Amino acid sequence: MEKILLIEDDTEICEMIRNYFETKGTAVTFVNDGGEAFDLIRSGIGDFQRVLLDIMLPDGSGYEICRIIKESFKDVPVIFLTAKDEESDVVHGFDLGADDYVIKPFR
């Protein structure tokens, strides 16, 4: 079974994404802040096939989380899910190694 790590502080979005992916047979683990995300990363995220990551977290930057994931787990795709829609934000995300960049709100 595919596993996704979702790092997002909006619990409604977490539930919506989890419900969608679970109907497709994909397990979703979500954390709501940077601290929890860093703990998971330190313990290894090898069980996850991809990471969905918000940039604006209450206690940490999604950009920093992306950088750390890509330094240690280059093969794990990171997809930003964010309201930050400036071109400079998108470019910065890809410069850090993001594999895709989805702007909220999304369908």
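Starting from 1, each residue takes its place in the sequence as its number. The structure presented is a predicted model; accordingly, all values stated were derived computationally and were not measured.
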>> Around atom CG of D39, are there more than 12 heavy atoms from other residues, nucleotides or ligands closer than 6.0 Å?
In response: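 Enclosed.
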
> So with a 6.0 Å cut-off around OH of Y20, is the heavy-atom count from everything else above 12?
Replying inline: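 Atom OH in Y20 is not crowded, with 12 or fewer foreign heavy atoms closer than 6.0 Å.
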
> Among I79, D95, V78, I55, which residue meets the side-chain contact (heavy atoms from CB on, under 4.5 Å) test with C66?
Replying inline: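 So, applying the side-chain contact (heavy atoms from CB on, under 4.5 Å) to C66 and each of I79, D95, V78, I55, only V78 qualifies.
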
> For L52, which of L5, V28, L81, I13 qualifies under side-chain contact (heavy atoms from CB on, under 4.5 Å)?
Replying inline: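 With L52 as partner, L5, V28, L81, I13 yield a single side-chain contact (heavy atoms from CB on, under 4.5 Å), made by L81.
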
> Side chain of E2, backbone of T26: donor and acceptor closer than 3.5 Å?
Replying inline: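 It does not hold such a pair.
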
>> If you apply the rule salt bridge (Lys or Arg N to Asp or Glu O under 4.0 Å), what do you find for K104 with D10, and how did you get there?
In response: CA-CA 12 Å; K104 295 187 238 176; D10 185 321; 6.0 Å; no

Do the side chains of [Y] and [X] get nearer than 4.5 Å, heavy atoms only?
X	Y	answer
I69	V51	yes
I65	I41	yes
F30	E8	no
I4	F48	no
Y63	L53	no

>> For I7 and D54: C-alpha separation, side-chain torsions, deciding distance, then whether side chain to side chain contact (heavy atoms under 4.5 Å, CB included) applies.
In response: CA-CA 6 Å; I7 305 168; D54 190 8; 6.0 Å; no

State the [atom1]-[atom2] distance between [X] and [Y], to the nearest 0.5 angstrom.
X	Y	atom1	atom2	answer
E15	L6	CD	CG	10.0 Å
D100	R50	CG	CZ	10.5 Å
R42	I68	CZ	CD1	7.5 Å

If you take all heavy atoms of [X] and [Y], which pair is closest and at what distance?
X	Y	answer
M1	G25	CG-O, 3.2 Å
F80	G62	CE2-O, 3.8 Å
L40	S43	O-OG, 2.9 Å

> So E36 and N32, side chain to side chain contact (heavy atoms under 4.5 Å, CB included) or not? Walk me through it.
Replying inline: CA-CA 7 Å; E36 288 180 274; N32 298 107; 4.2 Å; yes

> In terms of hydrophobic clustering (I, L, V, M, F, W, Y; side-chain heavy atoms under 4.5 Å; direct or indirect links), are I103 and F94 co-clustered?
Replying inline: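 I103 clusters together with F94.
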
> Hey, quick one: are V91 and L96 part of the same hydrophobic cluster, counting side-chain heavy atoms closer than 4.5 Å, chains of contacts allowed?
Replying inline: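 In one cluster: no.
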
>> What verdict does the side chain to side chain contact (heavy atoms under 4.5 Å, CB included) test give for Y101 and K84, after you've listed the backbone C-alpha separation in whole Å, the side-chain angles of each residue and the deciding distance to 0.1 Å?
In response: CA-CA 10 Å; Y101 196 103; K84 292 182 73 80; 3.6 Å; yes

> After noting the C-alpha distance and the side-chain angles of D89 and H92, does the key distance pass the side chain to side chain contact (heavy atoms under 4.5 Å, CB included) rule?
Replying inline: CA-CA 5 Å; D89 297 318; H92 186 55; 5.7 Å; no

>> Applying salt bridge (Lys or Arg N to Asp or Glu O under 4.0 Å) as the test, list every pair that has at least one member in residues 58-70; sequence neighbours left out.
In response: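 Of all non-adjacent pairs touching residues 58-70, those that pass salt bridge (Lys or Arg N to Asp or Glu O under 4.0 Å) are E64-R67, R67-E71, K70-D99.
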
